[in-house]
2 protein chains.
Amino acid sequence: MNTSQFSTKQRILGAAETLFALHGFEKASLRQVTAAAHVNLAAVNYHFGTKENLIEEVFRRRLDRLNARRQDALRKVEHSPDYTLDHVLEAFIRPAIDLSLDQSGGGAFMRMLARAYAEHDQPLRKFLSDNYGHVLREFAVVFHRLLPHLSKEELYWRLDIVAGALTYAMADFGLIKRRPGTTERDHHKLAAEHLIRFASAGLSAP
Amino acid sequence: MNTSQFSTKQRILGAAETLFALHGFEKASLRQVTAAAHVNLAAVNYHFGTKENLIEEVFRRRLDRLNARRQDALRKVEHSPDYTLDHVLEAFIRPAIDLSLDQSGGGAFMRMLARAYAEHDQPLRKFLSDNYGHVLREFAVVFHRLLPHLSKEELYWRLDIVAGALTYAMADFGLIKRRPGTTERDHHKLAAEHLIRFASAGLSAP
DNA sequence: ACTGTAATCAAACGTTTGTTTGAATCATAG
DNA sequence: CTATGATTCAAACAAACGTTTGATTACAGT
């Protein structure tokens, strides 16, 4: 078969992302994934070796984009005159929203990312920390410039809270139901606005 | 055997709570649970019917306590003169911290609770909403009294963010490592203080 | 002591899981 | 066209899962 324009490998990655986000890493079986991707079951082990490798590849594919966009946004803010806390927060939060609104399964990825935090899987968290850590540190430097009265420790605590709230919001963990008639796109944009306003005030707390 | 002072049922609940928190609902098998509880494998199905029922029972056992304590704390605040936003936040956050510092596996439970949100399991979320919802609504009323300039929708958005950040913090999702020499108890207390200060400012945002 | 219900136990049930195998098919370079 | 390496495929693998069974033990009320 292979009627699709995408390669077997790409089709597996796409289907895996969707199903992992929908049902979790454990519940989503390789049989479900390969069925959704219209490829043979053995193709996963042929192209990725193990399920664990497949999970990491799914992460890598999107995380690289997310990190790059965040860094670009941060640099743009830094090079603009008189930037504010809201601008930096926007540079941190907006790319996550944009990615979650990506045409093909970005929302699924953000839910998967949030799930990865919850899973408390140590190897996976190390992998995420390696790919996330330095970007977060770059942001911390800029935040510190805008909030010089905060100690380094205090700042890190607050940024951690922001990251938590963002993760939670992006993953649709919240109890707030999307109003009927509102698209997921609008819902996430609204969430971003509320989040930025809240986080800005929270970070500025005395 | 049954050398323990606890009944088979209680031993299963305790072991399940620990292992679910440690490895997740899927990964933690009934064989692991019953081995840790030193009971026969079939005891789970005998006492609880299914694994799903066991999960719900584990939740119920602690959630009832958490809800009761939150409501007590809220009523105490309401009956005191000149209570502030921080007091109400404290009534919401502190019981969660206390429970997570409970002698026997409270921390495990909070991690499990956070995981439940991540799992996106609809029946489980309905169960949580049924047990959590009305308490959250009670708090919302009091918050609204202190923040009358906020629309109901705006308030709910912000409370949702607070709940998210709290869940995240209590579950040790954060990237902030506990400093060596600090106990888990101190770490959580510190987290609570930072959380209350942050949330207070965030809720008060213009 | 006997009876009946509750609880425990070892063993097995039927599924589902991730992974492996070996043959079949495809694509491409000589 | 043919030979070669990459890919796909149906089938089977062993292991682990939640659940059920039927016999056995523990203990209560009469």
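Chain letters run A, B, ... following the sequence lines, proteins first and then strands; every chain starts at 1. Note that this is a predicted model, so its numbers are computed, not measured.
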**Asked** In B/S/- notation, 5' to 3', how is nucleotides 15-27 of chain C contacted by protein heavy atoms closer than 4.0 Å?
**Response** --BBBBB------
**Item:** Gap between atom CG of A:Leu146 and atom CG of A:Leu85 - 0.5 Å precision
**Value:** 6.0 Å
**Message:** Looking at every heavy atom in both B:Glu138 and B:Gln71, which two are closest together, and how far apart are they?
**Reply:** OE2-NE2, 2.7 Å
**Item:** Nucleotide C:dA7, atom C1' - distance to CZ of B:Phe48 in whole Å
**Value:** 14 Å
**Request:** Please examine the side chains of B:Thr8 and B:Asn40, heavy atoms only from C-beta on, and report whether any two atoms are closer than 4.5 Å.
**Result:** no
**Asked** OP1 or OP2 of D:dA6 sitting under 4.0 Å from any side-chain N/O of A:His47?
**Response** no
**Asked** Can you tell me if the side-chain N/O atoms of B:Asn40 get under 4.0 Å from OP1 or OP2 in C:dA10?
**Response** yes
**Asked** Which class fits the ring pair A:Phe25 and A:Phe59: parallel under 30°, tilted 30 to 60°, perpendicular over 60°?
**Response** tilted
**Message:** Rounding to an integer number of Å, can you tell me how far A:Lys9 NZ sits from D:dT8 P?
**Reply:** 11 Å
**Item:** Where A:Leu147 and A:Ser204 come nearest, the two heavy atoms and their spacing
**Value:** CD2-CA, 4.4 Å
**Prompt:** If a stem is a run of at least 3 consecutive Watson-Crick or G-U pairs, both distances under 3.5 Å, which stems include DNA chain C?
**Reply:** C:4-30 with D:1-27
**Message:** Among residues at least two apart in sequence or on other chains, which ones pass ring pair (Phe, Tyr, Trp, His ring centres under 6.0 Å) with B:His194?
**Reply:** A:Trp157
**Message:** Would you say NZ of A:Lys189 has more than 12 non-hydrogen atoms from neighbouring residues, nucleotides or ligands within 6.0 angstrom?
**Reply:** no
**Prompt:** Which heavy atom of A:Ala205 sits nearest a heavy atom of A:Arg158, and at what distance?
**Reply:** O-NH1, 2.9 Å
